[in-house]
Student: 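Pasting in a structure now, in structure tokens, and then I'll have a few things to ask.
Since the model is a prediction, treat every value here as computed from it, not as a measurement. Just the heavy atoms: all of them, side chains too, but no hydrogens, waters or symmetry mates, feed the values below.
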Amino acid sequence: MNSRIVPSTLLASILGLCATLSLAPLAKAQTSAPDTANWFQFRGPRGDGTAPGQHLPTSWSETENVLWKTPIHGRGWSSPVVLGDEVWMTTATEDGKQMYAVCVDLESGKIKHDKLLFENVEVQKDHHVTNTYASPTPILDERFVFIHFGSYGTACLRRDNCEVVWQRRDLPCNHFRGPGSSPILYKNMLIFHQDGFDLQYVVALDRQTGKTVWKADREVAYGTDNGDVFKAFCTPLVIDVAGQKQLVSPTSKACLVLDPDTGKEIWRVRFEEFSATARPLFDGQRLYINTGFGKAQLYCVEADGKGDITDSPKVIWTQRKNIGSKPSQLLVSGRLFSVTDDGIISRISTDTGEVVWQDRLGGKFSSSLVADDEHLFAFDHDGKGYVYTLADEPQKVSVNTLPDGCNASPAIVNNSLIVRTTTTLYRIAKPR
């Protein structure tokens with residue numbers, strides 16, 4: 001072959017192709033890994049806290065049914081996510097000046113990566129004492145992990161060596177209490193909410209380059225100029241309604257449903273509450289939407305709406321009783337469960353919204369409910385983990401105690417609970 005100089009335009013094309021090929025696995029579906037080893041995003045592969053086919057231990061302690069436990073430095077409420085043999089989470093220093101991505105080996109519990117990702121000279125004021133600077137949950141695909149700290153920064157890292165592929169630190173938002181929304185993956189995009197005191201929008205980034213694909217500003221009538229009412233902390237959900245993809249995007253005072261390819265609004269439902277946190281649920285026809293802080297309500301609405309459906313028959317029922325503000329609800333085996341921030345667990349009729357069963361646990365709850373094929377699991381701030389049967393009249397199976405409590409939600413993989421307490425990561429499973 002004759003040696004010659006490659007024209008700059010051709011060279012740029014070749015380099016661009018190489019870059020695209022190196023990131024090609026990003027475009028693959030996350031279902032390529034076995035379901036038993038797949039909890040790649042907040043609330044699991046379905047985004048609803050359920051783990052079909054899994055069978056978890058119903059009793060544990062600091063020593064019983066613990067395969068390993070690993071201290072995690074700093075302070076972070078991000079939930080563990082798992083794909084293959086890796087568990088990822090984030091953490092930060094108490095003052096938010098340093099932010100880390102942490103990877104733990106699923107089999108041994110040993111830390112594989114502990115990367116200082118962002119350093120901050122200053123952090124936002126009014127950060128709430130109950131929140132952390134590392135509360136949004138990462139999301140994984142076959143080769144990459146996407147790390148998000150709200151307006152402090154978003155990055156794509158290689159999972160094998162923790163090298164940064166791209167990062168963005170130019171997406172402003174005064175979270176006013178701290179960040180909380182987690183990102184999702186859809187097609188070639190990483191999508192997340194920035195609902196703050198000053199700015200409120202949804203943004204989609206190209207997952208290969210980090211460049212903005214679309215940005216949709218919130219157009220919501222908040223009824224006040226108090227920015228504290230504008231903020232929200234929800235993670236969106238992509239659903240399919242008669243072949244149409246919808247991005248269900250709860251925010252303060254409303255839930256906006258967008259076209260995930262463009263950010264254009266399809267329909268909305270309005271409500272009075274703000275500071276929404278819970279991830280919505282979808283049963284194939286109806287959505288269950290938590291409206292937010294304080295006197296939170298659960299809305300059951302048909303998902304095939306157009307325009308503003310607030311005062312239409314598309315709203316099937318609303319329920320204010322026993323609806324928590326922080327923990328996401330759970331829909332499993334046709335049964336809808338909720339736990340309040342102050343520890344009342346209940347089953348709610350999906351047909352009427354009526355509370356048909358409840359039990360008082362006490363304690364404080366932020367961690368979302370999860371379930372395997374047979375049981376429901378609820379973790380509180382003080383280290384207690386409750387197990388109930390999945391029945392019309394659930395029975396309490398056990399109450400288990402760890403030294404520290406949970407603000408993060410657990411992951412379920414390989415018949416194991418991956419539980420993050422305020423200090424430690426546990427793999428809870430029956431001995432092999």
Student: Can you give me the closest heavy-atom contact between Ser338 and Gly324, atom names plus distance?
Tutor: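 Scanning both residues, the minimum pair turns out to be OG-N, 3.8 Å.
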
Student: Parallel, tilted or perpendicular: which describes the rings of Tyr288 and Trp317, with under 30° parallel and over 60° perpendicular?
Tutor: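 If you compare the ring of Tyr288 with that of Trp317, the planes turn out tilted.
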
Student: Would His193 and Ser249 count as a side-chain hydrogen bond (donor to acceptor under 3.5 Å, both in side chains) if you check the C-alpha gap in whole Å, the side-chain angles of each, and the deciding distance to 0.1 Å?
Tutor: CA-CA 8 Å; His193 295 169; Ser249 179; 2.7 Å; yes

Student: Less than 6.0 Å separating the ring centroids of Phe192 and His148?
Tutor: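 Centroid separation for Phe192 and His148: below 6.0 Å.
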
Student: Could you pull out all residues at least two apart from Lys97 that satisfy side chain to side chain donor-acceptor pair (under 3.5 Å)?
Tutor: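 With neighbours one apart ignored, the set is empty.
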
Student: Using 4.0 Å as the upper bound for N to carboxylate O, is an ion pair formed by Glu273 and Arg320?
Tutor: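 Glu273 and Arg320: salt-bridged.
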
Student: As an exercise, state the distance from CZ of Arg268 to CG of Asp308, rounded to the nearest 0.5 Å.
Tutor: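 Taking CZ in Arg268 and CG in Asp308, the distance rounds to 6.5 Å.
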
Student: Do the side chain of Asp373 and the main chain of Gly53 share a donor and acceptor less than 3.5 angstrom apart?
Tutor: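 Yes.
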
Student: Short question: side chain of Ser151, backbone of Cys173 - any donor-acceptor pair under 3.5 Å?
Tutor: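 It does hold such a pair.
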
Student: Would you mind listing every salt bridge (charged side-chain N to carboxylate O under 4.0 Å, His left out) that reaches into residues 325-334, with sequence neighbours excluded?
Tutor: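 Residue pairs passing salt bridge (charged side-chain N to carboxylate O under 4.0 Å, His left out), neighbours aside: none found.
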
Student: When rounded to the nearest 0.5 angstrom, what is the spacing between CZ in Arg43 and CD1 in Ile184?
Tutor: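 Interatomic distance, Arg43 CZ to Ile184 CD1, rounded to 0.5 Å: 14.5 Å.
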
Student: The criterion is side-chain contact (heavy atoms from CB on, under 4.5 Å); which residues satisfy it with Lys253, sequence neighbours excluded?
Tutor: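 Counting only residues at least two positions away or on another chain, Lys253 forms a side-chain contact (heavy atoms from CB on, under 4.5 Å) with Val220, Tyr222, Val229, Glu272.
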
Student: Please check this pair: side chain of Asp141 against backbone of Arg143, looking for a donor-acceptor N/O pair closer than 3.5 Å.
Tutor: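 Yes.
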
Student: Does the separation of the ring centres of Phe176 and His127 fall below 6.0 angstrom?
Tutor: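 No - the distance between ring centres of Phe176 and His127 does not fall below the 6.0 Å cut-off.
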
Student: Run the side-chain contact (heavy atoms from CB on, under 4.5 Å) test against Arg75 and tell me which residues pass, sequence neighbours left out.
Tutor: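 In terms of side-chain contact (heavy atoms from CB on, under 4.5 Å), with neighbours along the sequence ignored, Arg75 is linked to Trp77, Glu94, Thr132.
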
Student: Report the C-alpha distance between Asp160 and Arg158 in whole Å, list the side-chain angles of each, state the deciding distance to 0.1 Å, and finish with yes or no for salt bridge (charged side-chain N to carboxylate O under 4.0 Å, His left out).
Tutor: CA-CA 6 Å; Asp160 57 357; Arg158 291 177 58 94; 2.7 Å; yes

Student: How far apart are the closest heavy atoms of Pro280 and Thr235, and which atoms are they?
Tutor: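 Shortest heavy-atom contact: CD-O, 3.6 Å.
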
Student: Gly334 and Thr350: which non-hydrogen atoms are nearest, and at how many Å?
Tutor: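 So the minimum-distance heavy-atom pair works out to O-CG2, 3.8 Å.
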
Student: Which residues pass the salt bridge (charged side-chain N to carboxylate O under 4.0 Å, His left out) test with Asp170, sequence neighbours left out?
Tutor: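 Applying salt bridge (charged side-chain N to carboxylate O under 4.0 Å, His left out) to Asp170 gives Arg168.
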
Student: Per the salt bridge (charged side-chain N to carboxylate O under 4.0 Å, His left out) rule, what does the pair list look like for residues 350-372, sequence neighbours excluded?
Tutor: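 The answer is Asp359-Lys396.
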
Student: State, to 0.1 Å, how close Val123 and Tyr152 come at their nearest heavy-atom pair, and which atoms those are.
Tutor: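 Between these two residues, the closest heavy atoms are CB-OH, 3.7 Å.
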
Student: What are the two closest heavy atoms between Asp341 and Pro327, and how far apart are they?
Tutor: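 Minimum heavy-atom contact is OD1-CD, 3.5 Å.
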
Student: Check whether any side-chain N or O of Thr340 sits under 3.5 Å from a backbone N or O of Gly343 as a donor-acceptor pair, and report yes or no.
Tutor: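 Indeed, once roles are kept as given, a pair shorter than 3.5 Å links the two residues.
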
Student: Measuring from atom OG of Ser328 to atom CG of Leu281, what distance do you get when rounded to the nearest 0.5 angstrom?
Tutor: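 CG of Leu281 is found 7.0 Å from OG of Ser328.
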
Student: Going by an N to O cut-off under 4.0 Å, is there a salt bridge joining Asp217 and Lys215?
Tutor: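 Yes, this pair counts.
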
Student: Could I get the full list of salt bridge (charged side-chain N to carboxylate O under 4.0 Å, His left out) partners for Glu119, not counting sequence neighbours?
Tutor: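 Glu119: no salt bridge (charged side-chain N to carboxylate O under 4.0 Å, His left out) contacts found.
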
Student: So, applying side chain to side chain contact (heavy atoms under 4.5 Å, CB included) with Ser78, which one of Pro138, Pro136, Ser135 is it?
Tutor: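 It is Pro138, the one option of Pro138, Pro136, Ser135 that forms the side chain to side chain contact (heavy atoms under 4.5 Å, CB included) with Ser78.
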
Student: Tell me whether the count of non-hydrogen atoms from other residues, nucleotides or ligands lying under 6.0 Å of NZ in Lys264 goes above 12.
Tutor: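 For Lys264, atom NZ is not crowded (no more than 12 foreign heavy atoms under 6.0 Å).
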
Student: Evaluate the side-chain proximity of Thr91 to His73: yes if any heavy-atom separation is below 4.5 Å, no if none is.
Tutor: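 Side-chain contact under 4.5 Å: yes.
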
Student: Would you list the pairs meeting salt bridge (charged side-chain N to carboxylate O under 4.0 Å, His left out) in which at least one residue belongs to residues 228-252, sequence neighbours left out?
Tutor: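 Salt bridge (charged side-chain N to carboxylate O under 4.0 Å, His left out) check on residues 228-252 returns Arg177-Asp228, Asp228-Lys231, Asp240-Lys245.
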
Student: Phe149 vs Phe118 aromatic rings, parallel, tilted or perpendicular, using cut-offs 30° and 60°?
Tutor: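 Phe149 vs Phe118 ring planes: perpendicular.
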
Student: Would you say the ring centers of Phe144 and Trp88 fall short of 6.0 Å from each other?
Tutor: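 No, the ring centres sit 6.0 Å or more apart.
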
Student: Taking only residues two or more places apart in sequence, or in another chain, which ones meet Thr277 in a side-chain contact (heavy atoms from CB on, under 4.5 Å)?
Tutor: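 Once residues adjacent in sequence are excluded, the partners of Thr277 under the side-chain contact (heavy atoms from CB on, under 4.5 Å) criterion are Phe233.
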
Student: For Arg420, enumerate each residue passing the salt bridge (charged side-chain N to carboxylate O under 4.0 Å, His left out) test, keeping only those at least two apart in sequence or located in another chain.
Tutor: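 If we apply the salt bridge (charged side-chain N to carboxylate O under 4.0 Å, His left out) test to Arg420, skipping adjacent residues, there are no hits.
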
Student: Taking the inter-plane angle between the rings of Trp357 and Phe337 on a 0 to 90° scale, is it parallel (under 30°), tilted (30 to 60°) or perpendicular (over 60°)?
Tutor: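 Judged by the thresholds at 30° and 60°, the geometry between Trp357 and Phe337 is perpendicular.
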
Student: Let me check something: any side-chain donor-acceptor pairs from residues 296-303 under 3.5 Å, sequence neighbours excluded? List them with distances.
Tutor:
from: Glu302; atom 1: OE1; to: Lys314; atom 2: NZ; distance (Å): 3.3

Student: Which residues pass the side-chain contact (heavy atoms from CB on, under 4.5 Å) test with Ala276, not counting sequence neighbours?
Tutor: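 Counting only residues at least two positions away or on another chain, Ala276 forms a side-chain contact (heavy atoms from CB on, under 4.5 Å) with Cys234.
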
Student: What are the two closest non-hydrogen atoms of Ser325 and Gly292, and how far apart are they?
Tutor: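 Where Ser325 meets Gly292 most closely, the heavy atoms are OG-O, 3.1 Å.
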
Student: How long is the span from the CG atom in Leu287 to the CD1 atom in Ile239, to the nearest 0.5 Å?
Tutor: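 Leu287 CG to Ile239 CD1: 4.5 Å, rounded to 0.5 Å.
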
Student: State whether the side chain of Asp206 and the backbone N or O of Gly210 hold a donor-acceptor pair below 3.5 Å, judged by distance alone.
Tutor: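 Checking the backbone N and O of Gly210 against the side chain of Asp206, no donor-acceptor pair under 3.5 Å is found.
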
Student: Under 3.5 Å, side chain of Ser367 to main-chain N/O of Ala408, donor-acceptor pair present?
Tutor: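 The answer is yes, because a donor-acceptor pair under 3.5 Å joins these two groups.
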
Student: Regarding Asp48 and Arg279, does a basic nitrogen lie under 4.0 Å from an acidic carboxylate oxygen?
Tutor: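 Arg279 and Asp48: not salt-bridged.
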
Student: Relative to each other, are the rings of Phe146 and Trp166 parallel, tilted or perpendicular (30° and 60° limits)?
Tutor: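 Ring orientation, 0 to 90° scale: tilted.
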
Student: Taking atom SG of Cys103 and atom CG of Asp114, what is their separation to the nearest 0.5 Å?
Tutor: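 Interatomic distance, Cys103 SG to Asp114 CG, rounded to 0.5 Å: 10.5 Å.
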
Student: Could you walk me through whether Ser416 and Asn414 pass the side-chain hydrogen bond (donor to acceptor under 3.5 Å, both in side chains) check?
Tutor: CA-CA 5 Å; Ser416 306; Asn414 293 348; over 6 Å; no

Student: Take Arg159 and Glu86 through the salt bridge (charged side-chain N to carboxylate O under 4.0 Å, His left out) test and state the conclusion after the steps.
Tutor: CA-CA 9 Å; Arg159 287 173 52 194; Glu86 295 177 356; 2.8 Å; yes

Student: Between His113 (side chain) and Lys115 (backbone), is there a donor-acceptor pair under 3.5 Å?
Tutor: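 The answer is no, because no donor-acceptor pair under 3.5 Å joins these two groups.
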
Student: To the nearest 0.5 Å, what is the distance between CZ (Arg347) and CG (Asn322)?
Tutor: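 Separation between the atoms: 13.0 Å.
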
Student: Evaluate the side-chain proximity of Tyr386 to Asp380: yes if any heavy-atom separation is below 4.5 Å, no if none is.
Tutor: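 Heavy-atom side-chain distance check passes, below 4.5 Å.
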
Student: Please report whether the ring centroid of Phe365 lies less than 6.0 Å from that of His381.
Tutor: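 Centroid distance His381-Phe365: not below 6.0 Å, so no.
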
Student: Please name the residue in the list Ser182, Ser409, Ser181, Pro80 that meets the side chain to side chain contact (heavy atoms under 4.5 Å, CB included) test with Thr137.
Tutor: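 Result for side chain to side chain contact (heavy atoms under 4.5 Å, CB included) with Thr137: Ser182.
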
